[in-house]
Amino acid sequence: NSERKKGGRKLKPNCRRRSLYVDFSDVGWNDWIVAPPGYNAFYCDGECPFPLADHLNSTNHAIVQTLVHSVKASAVPQACCVPTELSPISMLYLDEYDKVILKNYQEMVVEGCGCR
Amino acid sequence: ESTATRMSGDGEDSKLTVGTASNGGKGSKQEVIQAFESSLLSMFGLKSRPRPRKNPVIPQYMLDLYLEQVKNPDDIQVNFNIRDKSVSSANTARSFFHRETEEDYEESRVGSSRHYRFQIDTIPDNEVVTGAELRLYCQGINISSPMTNTDDRPSEYQFLHRINVHEILEPADEGGESIKRLIDSKVVDIRNSSWESFDIRPAVAKWKASQEENHGVEVELTEVQNSQISPHKDHVRLRRSSDLAASEWQRQRPLLITYTDDGKRPTRSKR
């Protein structure tokens, strides 16, 4: 509240999942990746404010770090907004020997973000 | 990364674009793209960027496997969940066509058997073969007049053919015969069109461990009734017939699918 009164500074949004679409044609990979044409990778961004709310999916350590940061900001950084849950994607592509491969890659899509 | 990738928008729809916001030169942009590409290729387990030839043949079965996998985007599993196949720990499926030049070999044209050799040395060493299937296309034959019943068995038997798949343990030397063992067998009705799958995992696992032992497989077609060479041997697409178009042959030719596990397990977060 005091910050808002002083400078009217805009508060940064809280930590959450943001949209990020990776299009394979942007990097010219659509000639060897058959499917999908791209995928929703997502990313995590935002503040981990004190006090940490439950929906920010924080660890006990992040709660302590955020608490210390709130009183001693110069010495201790804020907890990080990072992916806490990831899911795999399937990719159908041609390898360097022209063989068709279907592979599942783990931890490619951000499903959830949190303060860690 | 900080100078190379720019994510436009904050909280809105973003798209990964390669930018030159800080130093702008064409050379640096190329370097960034190369660095981006090499790190992703390494993640994908590829040595270099694939340069596929024009109009590559994508087997329909691989497309079907992919579509099955992504049917429910919220529930994609790291490992394949393929019904009736014990490939549960596999996370990679590869398709192989046999070497076409062997079609010209006279010995492979004898009778209704056919010899196939698949080059599987492109499977990385760190991957374990958990499953392998040889898929053969059977083209249904329209038989209008009933066949002559030569014995007391019902004529229905005459439509049934057996497909035997043998692993070649030792190739035939001059004038001799190859040493082989039966690894899978199936009975098909020649009136129906279908893809038949044969489990050849033991042979493929052995070939992967020792390439010198890869002498291929032999597929044999016989009648169920009297174990004789089938008069309808073209029913199973073992080789390309002269009247079959190249595109049609690409869709119907035998296909080997291997299922492998690269050992990369999902990381479990500690509490």
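Because the structure is predicted, anything quoted here is derived from the model rather than measured. The chains referred to below are lettered A, B, ... by the order of the sequence lines, with proteins before strands, and numbering in each begins at 1.
Each of S95(B), S48(B), P59(B) has some count of heavy-atom pairs under 4.5 Å with chain A, and the biggest count is that of S95(B). In terms of heavy-atom pairs under 4.5 Å with chain B, the best-connected choice from Y93(A), W29(A), Y97(A) is W29(A). Taking R53(B), M43(B), R49(B), R51(B) one by one and counting their heavy-atom pairs under 4.5 Å with chain A, the maximum is reached by R49(B).
When heavy atoms are compared at a cutoff of 4.5 Å, F42(A) does not approach chain B at all. For P52(B), the parts lying near chain A are the backbone and the side chain together; criterion is any non-hydrogen pair under 4.5 Å. At a 4.5 Å heavy-atom cutoff, the contact between D95(A) and chain B is made by backbone and side-chain atoms alike. Using a 4.5 Å cut-off between heavy atoms, L41(B) touches chain A through backbone and side chain atoms alike. Proximity to chain A is absent for every atom of I257(B), based on heavy atoms less than 4.5 angstrom apart. If you measure heavy-atom distances from K47(B) to chain A, the contacts under 4.5 Å come from both the backbone and the side chain.
The one candidate from L46(B), T92(B), T258(B), T260(B) that meets the side-chain contact (heavy atoms from CB on, under 4.5 Å) condition with I101(A) is T92(B).
Two residues are said to be in side-chain contact when any heavy atoms from C-beta on lie closer than 4.5 Å; F44(B) and M91(A) meet this criterion. The shortest side-chain heavy-atom distance between I58(B) and L94(A) falls under the 4.5 Å cut-off.
Between the OH atom in Y61(B) and the CG atom in L102(A) there is a gap of 10.0 Å [rounded to 0.5 Å]. The distance from atom CG of N91(B) to atom CD of Q106(A), rounded to the nearest 0.5 Å, is 8.0 Å.
Contacts between residues 48-55 of chain A and chain B, defined by a heavy-atom separation under 4.5 Å, are made by no residue at all. Proximity to chain B among residues 31-40 of chain A is limited to D31(A), W32(A), V34(A), A35(A), P36(A), judged by heavy-atom separations below 4.5 angstrom.
Of all non-hydrogen atoms in T122(B) and K99(A), the two that sit nearest each other are OG1-CG, 4.1 Å. The shortest non-hydrogen separation linking M62(B) to V100(A) is CE-O, 3.5 Å. What you find for Q69(B) and S90(A) is that their closest heavy atoms are CG-OG, 2.8 Å.
Within 6.0 Å of atom CG in D64(B), more than 12 heavy atoms from other residues, nucleotides or ligands are found, so the atom counts as buried in its surroundings.
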Identify all side-chain donor-acceptor contacts of residues 57-64 of chain A below 3.5 Å with residues at least two apart in sequence or on another chain.
| residue | atom | partner | partner atom | Å |
| --- | --- | --- | --- | --- |
| N57(A) | OD1 | R116(A) | NH2 | 3.4 |
| N57(A) | ND2 | T84(A) | OG1 | 2.8 |
| T59(A) | OG1 | A62(A) | N | 3.0 |

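Under the side-chain contact (heavy atoms from CB on, under 4.5 Å) criterion, P202(B) pairs with R181(B), D199(B), sequence neighbours left out.
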